[in-house]
4 protein chains.
Amino acid sequence: MLRVAVIGAGRIGKIHASAVASHPQADLVAVCDPIGTAAEDLAALHGAKAYKDADDLFADPDVDAVIIGSPTPLHAPQVLGATRAGKAVLVEKPVASDVESARALEAELETFEHPPVMVGFQRRYDPSIRRAKELADAGELGTIEQVTIVSRDSAPPPASYIAVSGGIFKDMTIHDFDEARFFIGDIVEVSAFGQNVLPELAETGDFDAAVVVLRGKNGAVASITNNRRCVTGYDQRLEVHGSTGSAIMDNWRPTTLSVNTKDASGTQQPYLDFFLERYADAYRNELTAFIDAINNGTEVTPTVADGVAALVVAQAAGESAHSGRTVRLDG
Amino acid sequence: MLRVAVIGAGRIGKIHASAVASHPQADLVAVCDPIGTAAEDLAALHGAKAYKDADDLFADPDVDAVIIGSPTPLHAPQVLGATRAGKAVLVEKPVASDVESARALEAELETFEHPPVMVGFQRRYDPSIRRAKELADAGELGTIEQVTIVSRDSAPPPASYIAVSGGIFKDMTIHDFDEARFFIGDIVEVSAFGQNVLPELAETGDFDAAVVVLRGKNGAVASITNNRRCVTGYDQRLEVHGSTGSAIMDNWRPTTLSVNTKDASGTQQPYLDFFLERYADAYRNELTAFIDAINNGTEVTPTVADGVAALVVAQAAGESAHSGRTVRLDG
Amino acid sequence: MLRVAVIGAGRIGKIHASAVASHPQADLVAVCDPIGTAAEDLAALHGAKAYKDADDLFADPDVDAVIIGSPTPLHAPQVLGATRAGKAVLVEKPVASDVESARALEAELETFEHPPVMVGFQRRYDPSIRRAKELADAGELGTIEQVTIVSRDSAPPPASYIAVSGGIFKDMTIHDFDEARFFIGDIVEVSAFGQNVLPELAETGDFDAAVVVLRGKNGAVASITNNRRCVTGYDQRLEVHGSTGSAIMDNWRPTTLSVNTKDASGTQQPYLDFFLERYADAYRNELTAFIDAINNGTEVTPTVADGVAALVVAQAAGESAHSGRTVRLDG
Amino acid sequence: MLRVAVIGAGRIGKIHASAVASHPQADLVAVCDPIGTAAEDLAALHGAKAYKDADDLFADPDVDAVIIGSPTPLHAPQVLGATRAGKAVLVEKPVASDVESARALEAELETFEHPPVMVGFQRRYDPSIRRAKELADAGELGTIEQVTIVSRDSAPPPASYIAVSGGIFKDMTIHDFDEARFFIGDIVEVSAFGQNVLPELAETGDFDAAVVVLRGKNGAVASITNNRRCVTGYDQRLEVHGSTGSAIMDNWRPTTLSVNTKDASGTQQPYLDFFLERYADAYRNELTAFIDAINNGTEVTPTVADGVAALVVAQAAGESAHSGRTVRLDG
């Protein structure tokens with residue numbers, strides 16, 4: 001059994017703690033969070049140790065791997081602390097608050113031998129997205145030409161969260177940037193339109209909706225539509241169009257029941273409402289892949305380089321949204 | 001251009017008149033109806049001649065073919081009158097009010113040379129049903145084992161219509177019996193449950209809903225579910241299940257739009273509401289096949305024998321619904 | 001934590017053992033199976049005790065509840081043994097091999113005070129079926145008039161299983177009979193057509209496909225279509241049609257991805273292949289309801305009376321399939 | 001009956017001629033085309049007069065209305081010729097080859113009294129798109145925030161056509177620009193990415209695929225994805241997302257049949273293949289609206305101003321695709 005610790009006892013930390021606790025090949029052995037009794041509370045739930053200080057956790061010889069779900073500015077130092085202590089790392093996105101810090105982390109990691117470091121773009125492990133990727137890689141769709149990604153949250157986070165989120169492109173769209181890269185590879189052009197549609201977020205100074213267009217080095221174009229609010233639920237869709245075929249991913253509903261009345265037919269329930277429900281399989285599969293990478297030396301994906309690349313695109317999207325120019329990248 | 005006359009200026013007669021008038025290979029030359037000014041009114045609409053007496057119509061040398069949409073008891077004599085006059089015939093279902101009359105017609109038609117006689121089971125010409133049949137005939141579904149037919153009218157006819165309809169099995173289910181025969185061939189067993197669900201039809205003495213199960217000579221079983229009322233529209237569905245695959249026909253809606261709100265997702269409009277809209281293509285294709293049979297000697301289908309066979313099943317269903325026994329047929 | 005034992009370490013026993021082991025409110029404390037090392041093997045997997053003899057298990061004071069997944073003839077004596085020992089029981093369907101034994105069990109259970117006894121018709125706990133039931137009970141569909149149940153296994157069991165299964169109606173259709181009763185209540189008429197479509201099962205003397213029609217005391221009619229084999233997966237569908245609306249349950253697929261090519265559009269993966277995957281949520285919810293009934297005294301459903309009633313219908317279906325007559329029941 | 005003439009006996013001219021000929025309120029009285037026997041051939045088919053010279057047609061007192069489907073450079077002079085002769089006009093898109101000519105036409109039309117002039121953006125008359133618009137206008141979707149338009153042709157036109165088409169934005173995307181304006185109103189920002197995915201069109205110097213993003217004056221953003229080739233058929237989809245709901249338009253297939261096999265489920269036929277089939281209802285409804293505008297003085301839509309506005313956006317898209325800058329418009 002792999003002995004796993006989780007840093008950060010907030011929303012995403014709880015998800016990871018729960019996934020580890022119920023995984024047949026992993027034990028949750030420790031939780032770390034500096035605030036109040038957060039670590040103790042979550043640890044108690046799963047019979048794990050509690051740490052306030054990450055350095056103490058890194059010094060614990062009974063920890064094999066660390067999942068980092070702390071605030072973004074702590075990601076890079078904690079990745080380095082954990083790997084220097086010989087622990088494998090799964091770090092949440094974004095890998096850092098800015099491209100420079102992310103690149104510095106990437107460079108630093110190249111200077112010493114360390115266990116696997118994986119970045120938490122869990123969508124790569126969603127069964128539908130993965131199957132689309134398999135079809136694409138198998139050539140079933142021909143040459144990929146156009147990708148359409150839709151990502152609408154069911155409800156916006158509080159304005160206080162937005163304030164420290166790093167902005168919509170680094171906080172929310174970054175998942176879509178990684179998803180786009182998953183299908184069209186390196187990005188060479190970025191054009192973004194930001195929108196403000198939610199009065200309650202108007203004061204944050206951040207966009208709450210956006211449309212971003214990316215061009216891949218290979219000529220394929222991806223468009224991304226984001227919205228911090230979708231009343232029908234968590235709207236997560238994908239279209240991959242190639243020269244000989246296309247694959248389209250629809251939303252999940254809680255049941256397969258549809259209702260027909262005098263006024264309407266085919267009425268289904270709203271989409272699964274939240275990323276936890278929608279991506280429950282993806283988080284489980286991600287953890288399995290992380291364990292496999294540690295135990296069996298299988299390929300780590302997504303890598304820190306993928307995390308850096310997504311951040312580069314996010315930063316470019318911000319520039320484009322403000323300048324009205326397409327930003328060109330090295331690709 | 002084929003010169004076509006229509007007998008019966010009621011609902012189904014008007015459908016046929018309109019189909020003929022707009023068909024590129026046919027001219028509507030005459031309409032016949034004994035009641036009031038019905039024939040004149042419909043004829044005037046299309047610039048055709050009007051007849052009150054069918055015999056006068058049969059004597060008209062400028063008529064090549066006759067479509068019979070008169071009350072059921074007149075079908076057999078009019079088929080004979082028209083064919084004896086050398087006119088091709090497309091006769092509405094059922095071919096007669098009872099099996100004996102239908103068989104007598106069939107026998108009589110064998111005693112002389114005559115142009116094509118086709119029976120109006122238009123569903124055989126519906127694009128979806130026809131494609132299911134093509135798949136089945138091509139072996140794409142393997143050996144056909146089970147067929148499910150759903151036929152629910154959007155709204156019941158008036159009680160006065162029910163009174164002279166011959167009963168639900170001869171009036172409504174007869175289309176389903178022909179459809180079942182289209183897929184599983186000759187029927188050897190019939191079991192029927194009648195229902196009374198509509199208070200407004202309680203006095204008619206007829207069932208207003210029914211479930212019928214048929215066994216084909218080849219062992220396949222078809223189930224049919226009928227209802228005189230479906231609030232969401234005209235519910236017309238078909239499933240054909242074979243040993244290696246199945247084909248499922250869904251309802252049509254007027255648009256492909258679906259709506260998503262806080263409470264529901266995927267909400268579409270009600271089904272197409274009426275058999276005219278639902279089977280518009282089928283009626284057009286049926287007429288084309290009729291014209292082809294006349295002009296080019298292509299196969300006539302469905303034949304009078306098909307009309308008789310469907311009526312035999314309908315009569316057996318009535319017996320079964322009342323006796324609680326499975327009725328066995330020669331097949 | 002409720003201390004639960006499982007009797008029977010076969011396929012269904014393993015499902016229940018696994019469901020118990022991962023349930024937050026239950027511990028799997030014992031497994032019982034008389035054959036070879038079956039109990040030991042399954043017990044070891046979950047760190048539970050192993051018993052060969054059910055009576056020893058019933059004598060174990062550290063067991064609160066028993067899930068019975070043994071061969072059908074053992075169900076009734078084990079239900080009585082367990083309840084007499086003060087243990088709550090969840091017993092698999094059918095409750096007994098024949099109606100007489102089932103009724104005797106029901107009568108015997110009325111002679112003494114005992115903890116909850118629930119029958120394992122897990123479909124009542126499937127989210128889609130449950131939602132259909134909620135809509136029906138809430139009057140959203142009006143008066144229920146017609147119910148259509150489709151149940152096709154992805155692949156047939158071995159002939160050896162069929163030989164001891166009690167026949168398709170008691171073994172397979174019994175789930176559909178309970179589902180029909182769930183929606184239309186007590187059954188007063190049963191008509192069944194059996195089929196033999198699988199050459200490999202021809203020697204078993206049992207039907208391998210069937211269509212059954214049931215009439216409820218309230219006039220509603222349900223039709224059931226069964227097949228021991230459906231190449232596209234486990235075909236589990238339901239339609240509930242009422243006077244003001246209908247609810248239709250579609251199959252689940254493993255992903256929401258559909259593929260479009262030159263030849264076809266909307267192509268999805270086969271249905272979930274097996275009852276374990278399809279009804280995983282149902283088994284989990286069933287267990288939760290069982291625990292609730294024990295801990296909180298909530299209503300037990302389905303009851304032994306429901307188990308008896310389904311068996312009565314199954315027996316009647318067998319009679320009807322052989323006699324060609326509709327069998328009438330007391331309702 | 002409205003007496004209608006068609007100018008241009010090419011592909012689109014034939015569509016209009018046929019729509020007029022079968023419309024209950026219109027007669028096709030003349031066809032005009034300068035090339036070879038094109039006019040005569042098409043006129044003969046419908047029993048109409050043939051003209052080589054549009055001026056002769058305009059002088060014909062037996063013509064009430066003219067549908068202009070000639071090459072784009074002729075549109076403006078022919079609109080003026082026809083209206084000056086007192087004839088109503090339905091002119092194909094784009095109204096002119098460039099914004100200046102289009103604006104000149106618009107200005108000129110304001111200098112004299114003339115019958116209705118409608119521009120042929122037929123999608124506004126497609127039942128699905130129209131219903132989406134009705135829902136939006138009725139407030140059922142709340143404030144419109146994001147619109148997604150997909151338009152992929154089943155197969156590219158010949159390179160020779162591309163050469164004179166005016167480029168993808170004026171030739172193909174212009175329909176999408178009008179559709180976007182239909183939902184989000186005046187456009188103030190345009191950003192476009194052009195692509196070259198079809199080797200056979202590489203020499204044309206035109207893009208064969210594109211993604212365009214538009215911002216409306218009201219803040220809503222529309223994205224458009226175009227491709228000159230979609231192997232599964234004519235891919236025409238629309239999504240309208242508002243603050244309280246969304247409407248999604250799917251493609252039509254020729255039947256409602258889906259097929260299930262060992263390898264796949266839900267397999268349908270390819271999408272309707274061609275704009276004639278897909279938009280047959282739209283062309284018919286467009287003609288009806290044109291006739292209504294003439295006969296009853298109902299509102300003309302889309303207007304020449306709409307035609308100009310779409311052309312302005314098309315021109316801006318071309319600029320943006322080449323400059324990599326978002327082009328700002330007056331809105």
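Below, chain A is the first sequence line, B the second, and so on; all start at residue 1. All values below were derived from every heavy atom in this structure, side-chain atoms included, with hydrogens, water molecules and symmetry-related copies excluded.
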A.B. asks: Measure distances from C:Asp263 to the heavy atoms of chain D and classify the residue's part below 4.5 Å as side chain, backbone, both or neither.
C.D. replies: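 For C:Asp263, the contact with chain D is made by the backbone alone.
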
A.B. asks: Using non-hydrogen atoms and a limit below 4.5 Å, what part of residues 230-251 of chain D faces chain C?
C.D. replies: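 When heavy atoms of chain C are the reference, residues 230-251 of chain D contributes D:Val231, D:Thr232 within the under-4.5 Å range.
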
A.B. asks: Mind checking whether C:Tyr283 and C:His23 have ring centres under 6.0 Å apart?
C.D. replies: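 Not close enough - the centres of the two rings lie 6.0 Å or further apart.
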
A.B. asks: Given a strict heavy-atom distance threshold of 4.5 Å, which part of D:Gln269 is in contact with chain C: side chain, backbone, both, or neither?
C.D. replies: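 Only the backbone of D:Gln269 comes within 4.5 Å of chain C.
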
A.B. asks: Please assess D:Ser154 against D:Arg229 for the test side chain to side chain donor-acceptor pair (under 3.5 Å), listing each intermediate value before the final yes or no.
C.D. replies: CA-CA 5 Å; D:Ser154 47; D:Arg229 179 259 294 118; over 6 Å; no

A.B. asks: Taking C:Lys14 for the side chain and C:Gly8 for the main chain, is one N or O donor matched with an acceptor at less than 3.5 Å?
C.D. replies: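 No, C:Lys14 side chain to C:Gly8 backbone: no donor-acceptor pair under 3.5 Å.
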
A.B. asks: So, are D:Asp178 and D:Arg123 salt-bridged, with charged N and O less than 4.0 Å apart?
C.D. replies: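 So D:Asp178 does not pair with D:Arg123 through a salt bridge.
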
A.B. asks: For the backbone of C:Leu201 and the side chain of C:Asp208, can you confirm whether one donor and one acceptor N or O come within less than 3.5 Å of each other?
C.D. replies: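 Absent.
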
A.B. asks: Counting heavy-atom pairs under 4.5 Å with chain C, which one of D:Pro270, D:Ser258, D:Gly266 comes out on top?
C.D. replies: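 Most heavy-atom pairs under 4.5 Å with chain C: D:Pro270.
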
A.B. asks: Answer yes or no: is there an ion pair linking D:Arg131 with D:Asp126, defined by an N-O contact shorter than 4.0 Å?
C.D. replies: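 No, D:Arg131 and D:Asp126 are not salt-bridged.
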
A.B. asks: Is the D:Phe207 to D:His322 ring centre distance short of 6.0 Å?
C.D. replies: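 Centroid separation for D:Phe207 and D:His322: below 6.0 Å.
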
